[in-house]
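As C-alpha cells, the structure follows; a few thoughts come after it.
We number each residue from 1, following the sequence as shown.
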Amino acid sequence: MGRLLEYKRIYLSAFDNCRPILAVILLKAYSFFCFALISITVYAFLYRAFTGFRF
C-alpha cells in the first residue's frame with residue numbers, strides 16, 4: 001500500500017506549479033486514457049490465457 005501512495009505522491013507532484021492549466025487537464029486525461037488502454041490489454045491477455053484460447 002505504501003508503494004501506491006508513493007506513486008500517487010509522485011503523480012500529483014508532477015503537476016504542481018504547472019502552467020497553463022489546460023495543459024495539466026490534457027495531460028491528466030491522457031494519463032487516464034493510457035491507464036485504461038493498458039488495463040484493457042491486460043484483461044484481454046488474461047482472459048485469453050485462462051479460457052484456453054490459442055495464441
Side chains of residues 16-32: which donor-acceptor pairs under 3.5 Å do they make with residues two or more places apart or in other chains?
{"residue": "S31", "atom": "OG", "partner": "Y11", "partner atom": "OH", "Å": "3.1"}
{"residue": "S31", "atom": "OG", "partner": "L27", "partner atom": "O", "Å": "3.4"}
{"residue": "S31", "atom": "OG", "partner": "K28", "partner atom": "O", "Å": "2.8"}

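- Cluster annotation: F35 is not connected to V42 through the hydrophobic network of ILVMFWY side chains, with a link wherever side-chain heavy atoms come within less than 4.5 Å.
- Residues passing the side-chain hydrogen bond (donor to acceptor under 3.5 Å, both in side chains) test with R9 are E6, sequence neighbours excluded.
- Separation of atoms OH (Y7) and CD1 (I10) is listed at 7.5 Å; rounding is to 0.5 Å.
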